[in-house]
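Since the structure comes first, as structure tokens, the remarks are kept for the end.
The chains referred to below are lettered A, B, ... by the order of the sequence lines, with proteins before strands, and numbering in each begins at 1.
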Amino acid sequence: MGEEQYDEEQSTEVQKKFLFVFKRAPHGTIYPYEGLEVILIMAAYDQVISAVFTDDGVYCLKKGQETAAIGVKEFSITFKVLEQYGVEHLYVDKEALSARGMTEADLVTGVEVVDKETIANVIREQDVVLPF
Amino acid sequence: MGEEQYDEEQSTEVQKKFLFVFKRAPHGTIYPYEGLEVILIMAAYDQVISAVFTDDGVYCLKKGQETAAIGVKEFSITFKVLEQYGVEHLYVDKEALSARGMTEADLVTGVEVVDKETIANVIREQDVVLPF
Amino acid sequence: MKFGILIMDGPYQHQASDSAYHFANAAVAKGHEIAGIFFYNDGVNNTTSLMTPPQDDRHISKRWSDFVQKNGIDAIVCIAAAKRRGITDANLIKGARISGLGQLTELGIKADRLVTFGD
Amino acid sequence: MKFGILIMDGPYQHQASDSAYHFANAAVAKGHEIAGIFFYNDGVNNTTSLMTPPQDDRHISKRWSDFVQKNGIDAIVCIAAAKRRGITDANLIKGARISGLGQLTELGIKADRLVTFGD
Amino acid sequence: MLFTVNKSPFTAGNLKSCLRYVTKESPILLYEDGVYGAMAGTALEPEMKETLKTNRVYALREDLKARGVANTIEGIQLVDYAGFVDLVAEHNICPWI
Amino acid sequence: MLFTVNKSPFTAGNLKSCLRYVTKESPILLYEDGVYGAMAGTALEPEMKETLKTNRVYALREDLKARGVANTIEGIQLVDYAGFVDLVAEHNICPWI
């Protein structure tokens, strides 16, 4: 990650709630990689940032990814540092995770594994939702 | 259709069985449009050409498509002329069609509505399969 | 109302760019303001001045160029995505500018709605 | 054995181009011949010489250029798809040529296998 | 919150996944290949009718017309691009693409 | 005839649709996001085990590794790109992408 320079804290008068929805698997498309890039930049702007992982997006957090043989960057480790970047919540859909044979122990970082009703309520509160 | 010039008959010593599999809906992606372009060019080469329509590919043949308001070309009519281009068979998957609430009467041209076993046998006989 | 538009897929391959274009036109026709259009991922391919589609097809990059210039809309092309895909100031449509992801955040803050189009 | 390869999606956005590249390398390493690589749809975007990805990322068009030149492989870029996306002789990677869909048919006839990579 | 779906529900999971999260006050807009979900007489119709009991469902007229979908499920409301803009003006948007 | 599948079976219909057409002698190769179908312990495992009774199923090692999929369903054979090439050399290919 980190092709752009991560700026110092930006000050704006408005504070909004931004939600990043990770729905796609890593490596098959560039979407989740680029979603993470946006979060890292946005973190400098004093906004309220959360992320939801559902559908194949839960695979983004899977432990043990080694991408050398397909020649692309391994970026799951970057999800670990999101808390330091001020991302308030990382929600993972419980059913999406279990349908894929995984539990929280399979994930690279601590998250909140929640039911669909919780995610529905999180979505409802947002000002901006960005799908990746 | 028809950005390229359709050549006069090409002679080659080899004759192969080519199957075009249309699996995607029209207009959402350029795939089926481009598949049709390939068929029109290939028709000049004295090969054995067939086409299978399954999954959302059956929508390619739906009657009544009017694309003016989304500003793209309407190409379903071109499927009507494939027979004149020497395409031997147009197979449509019966279940794919009925799951989508359609029957042969909804299609722009005469086709062979067949079961999955028939399509499986058609696929098995091919030399080259091209997915669109 | 102020709209922001985010486009994540390229021209011709998917309908995303077409949908965004028709949405943006309808928004302007209704008297809304478009605070910015951000081209990201393959979306940056919408902004090459080099495309020469067939005459009977839509010219996607020219259409965007005309639209943003006519309506004074800020059209921002992600620099990292552009570099990966060969979009530079030398082949960029008029009316667009290349900049960073910070601009996307600012658009999200500034606009009342941020609408994403992609595949 | 003679392989033909058809690539229908662009660089970076989907894995298709990467998969095709690794497959092609493995085929050559096994002593097979690659009778041709045909770039179609967004696949033509793999052949722009203008891309400048970050230094720590793969340079997809350079990689294709080096590979086809080193192995004497015919790399064909669909003219109609290229025009829609701004790929011209002026920005085409070395080792590739722009031509028509007839070349894809000929590749399908000539090769023992035609393998398609796309999204 | 307006949910928008642009994929065919017969081959992609987007609509199904979106329906897990919509709350009662959330309208759903089908556009691009998503409009196939609005067609009458399909295997999906019973599920869409269930959804219509609790949620408003819209489908984009331009995309329906482009795809030749003339008969839509009763209760699904058709909007044009201007109506799409109105919906986004009324609601925050959650693009379920 | 070798069928190749590159999409996740949990969100795309490719694998399901491919399985309708495979005949007994047809091997299936999972690659790219398709390899998630090879993972053990998922909701799809019973169906994959059913398929394994009649068909050989392969999964691309490089893509499994990239995605951190270490435990695969018993009976699924792992191949690298060289093995992918061998499979295509042995069979005609039907890319179910």
query: What residues of residues 56-72 of chain A sit under 4.5 Å from chain D when you count only heavy atoms?
result: A/Ala69, A/Ile70, A/Gly71, A/Val72

query: For chain D, which residues from residues 17-30 of chain A lie under 4.5 Å away (heavy-atom distances)?
result: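 Only A/His27, A/Gly28, A/Thr29, A/Ile30 of residues 17-30 of chain A have a heavy atom under 4.5 Å from chain D.
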
field: Heavy-atom neighbours of A/Lys16 NZ exceed 12 at 6.0 Å
entry: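 Counting other residues, nucleotides and ligands, NZ of A/Lys16 exceeds 12 neighbours.
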
- prompt: More than 12 non-hydrogen atoms from neighbouring residues, nucleotides or ligands closer than 6.0 Å to CD on A/Glu104, yes or no?
  reply: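 Correct, the count exceeds 12.
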
message: Tell me every residue that passes ring-ring contact (aromatic ring centres under 6.0 Å, His included) with D/His59, counting only those two or more places apart in sequence or in another chain.
response: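 Expected list: none.
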
Residues forming a ring-ring contact (aromatic ring centres under 6.0 Å, His included) with D/Phe67, sequence neighbours excluded: D/Tyr21

Structural part of D/His14 lying under 4.5 Å from a heavy atom of chain A: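 Both parts, heavy atoms under 4.5 Å.
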
query: In Å, rounded to the nearest 0.5 Å, how long is the span from OH of A/Tyr33 to CD of D/Gln13?
result: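 The CD atom of D/Gln13 is 13.5 Å from OH of A/Tyr33, to the nearest 0.5 Å.
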
